[in-house]
Amino acid sequence: MRRGSKLVLRVRALDAAQPFDAEEKLRRHSRLKQSLTIGVLGFGNFGQFLAKRFVQQGHTVIATSRSDYSKIAGDLGVNFFRDIDDFCEEHPDVVIVCTSILSTEESLRSFPFQRLKRNTLFCDVLSVKQFPKQLFQQLLPEDFDILCLHPMFGPDSGKHSWKDLPLVFDKVRIGTSPRRVERCHNVLQIFEAEGCRMVEMSCEEHDRQAASSQFITHTVGRMLGTMELAETTISTKGFESLLSLVDNTYNDSFDLYYGLFMYNKNTTAELSRLELALTKVKSELFDRLHERIRNDIFDDN
Ligand code: NAP
């Protein structure tokens with residue numbers, strides 16, 4: 001440090017070449033904080049939606065997918081690789097799996113993990129959680145970290161802002177070294193910085209709760225969509241919210257809906273409960289109707 005024309009050396013540590021120690025510490029700190037190279041596997045609707053925000057936040061984003069999205073990726077500032085080996089050889093810090101629920105196992109079983117860095121963080125954003133967690137634990141090399149994520153919003157509901165929208169996460173396997181801990185923190189920070197409501201929850205608990213909330217929402221949306229409900233001239237607020245439920249769910253691929261059902265072991269029971277509830281409501285209506293008719297038929301007084 002120079003004060004006036006005098007050079008002043010300040011002692012920062014007692015055991016080595018002090019100025020270099022401090023510099024190295026600072027350099028290491030800034031390395032930890034630096035932006036991530038994020039690899040998106042599955043560059044469909046949701047993969048693109050996330051990638052756009054990652055780029056806006058200053059991260060380097062690369063992507064690969066079954067289909068060729070070179071043009072769309074280029075427009076978003078994402079480097080697209082048709083060849084999955086080339087994608088891996090870019091050595092992303094983080095790989096985020098954005099494939100459909102149904103294709104995830106097949107995609108992971110053919111994934112060339114050996115071409116990635118030994119120290120890679122794997123995330124997924126599937127709308128079911130226990131299934132990808134289990135797959136990751138079975139298939140990923142032991143040195144890889146695992147962070148399961150579920151942004152509980154999509155390109156429609158999160159179009160303008162992610163503020164207050166829930167991000168469920170489970171730190172399934174994160175190494176204890178500062179670099180690994182910081183990298184996991186940096187990924188979560190992407191969502192926190194957008195104002196998401198951060199919910200730490202085990203994958204198993206997520207699936208229990210999602211079966212009675214998200215799956216039921218999608219099922220009712222699909223039922224109403226199948227009924228082809230249409231705007232009326234006397235639509236109430238309640239009816240308008242039903243139409244917007246159809247809008248929010250019926251446009252998703254059927255694969256996604258089937259994935260929500262098939263790969264969450266809690267959904268069968270919830271579907272039965274929904275069916276039972278409709279039967280119960282119907283029987284309340286018909287019981288009352290029958291009672292009135294019988295009262296008219298039989299004059300017991
Ligand atoms: P999706 O239909 O569930 O998935 C589309 C993606 O899966 C595309 O990248 C597609 O690749 C890939 N894919 C499909 N079949 C494949 C196969 N046989 N082999 C290889 N890749 C295959 O639609 P999405 O909305 O983009 O959802 C992606 C993931 O995000 C899903 O796991 C979903 O649960 C999750 N998620 C979605 C939302 C949402 O609102 N959409 C919200 C939260 C989480 P190509 O396009 O290259 O064919």
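Throughout, residue positions are numbered sequentially from 1 according to the sequence presented. Just follow the structure's listing: the first ligand is 1, and inside any ligand the first atom is 1.
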- [ ] Please say whether E106 places an N or O atom under 3.5 Å from an N or O atom belonging to ligand 1.
- [x]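 In this structure, E106 places no N or O atom under 3.5 Å from an N or O of ligand 1.
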Looking at ligand 1, does [X] have a heavy atom less than 4.0 Å from it?
X    : value
M152 : no
F153 : yes
P155 : yes
D255 : no

Task: Any side-chain donor near an acceptor of the partner, S70 and D68, under 3.5 Å - done: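 Their side chains do contain a donor-acceptor pair, which is all the 3.5 Å distance test asks for.
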Open item on the list: My question is simple, although I want it checked carefully: is atom 10 (C) of ligand 1 less than 4.0 angstrom from any protein heavy atom?
Closed with: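 Given the 4.0 Å cut-off, atom 10 (C) of ligand 1 does not count as touching protein heavy atoms.
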May I ask which of [options] has a heavy atom nearer to [atom] than the others do?
atom                    : options         : value
atom 46 (O) of ligand 1 : Y69, F46, F49   : Y69
atom 47 (O) of ligand 1 : S127, S65, S253 : S65
atom 29 (C) of ligand 1 : V125, L126, T99 : T99

Task: Check: H218 main-chain N/O paired with T249 side-chain donor or acceptor under 3.5 Å - done: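 Not a single qualifying donor-acceptor pair exists.
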TODO: Give a yes or no on whether a salt bridge exists between K171 and D145, defined as a side-chain N under 4.0 angstrom from a carboxylate O.
DONE: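 Salt bridge: no.
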TODO: Evaluate the ring-ring contact (aromatic ring centres under 6.0 Å, His included) criterion for residues F215 and Y257: first the C-alpha distance (whole Å), next the side-chain angles of each, then the deciding distance (0.1 Å), finally the verdict.
DONE: CA-CA 8 Å; F215 175 70; Y257 176 60; 5.7 Å; yes
Open item on the list: Ring-plane angle category for F49 and W162, please: parallel below 30°, perpendicular beyond 60°, tilted otherwise.
Closed with: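 Tilted, since the angle between the ring planes falls between 30° and 60°.
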Task: Shortest protein heavy-atom distance from atom 6 (C) of ligand 1, along with the residue and atom involved - done: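 Looking at atom 6 (C) of ligand 1, the protein heavy atom closest to it is S100 N, 3.6 Å.
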Open item on the list: Taking CD in E142 as the centre, count heavy atoms belonging to other residues, nucleotides or ligands within less than 6.0 Å. Is the count above 12?
Closed with: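 No, the 6.0 Å shell around CD holds no more than 12 heavy atoms from other groups.
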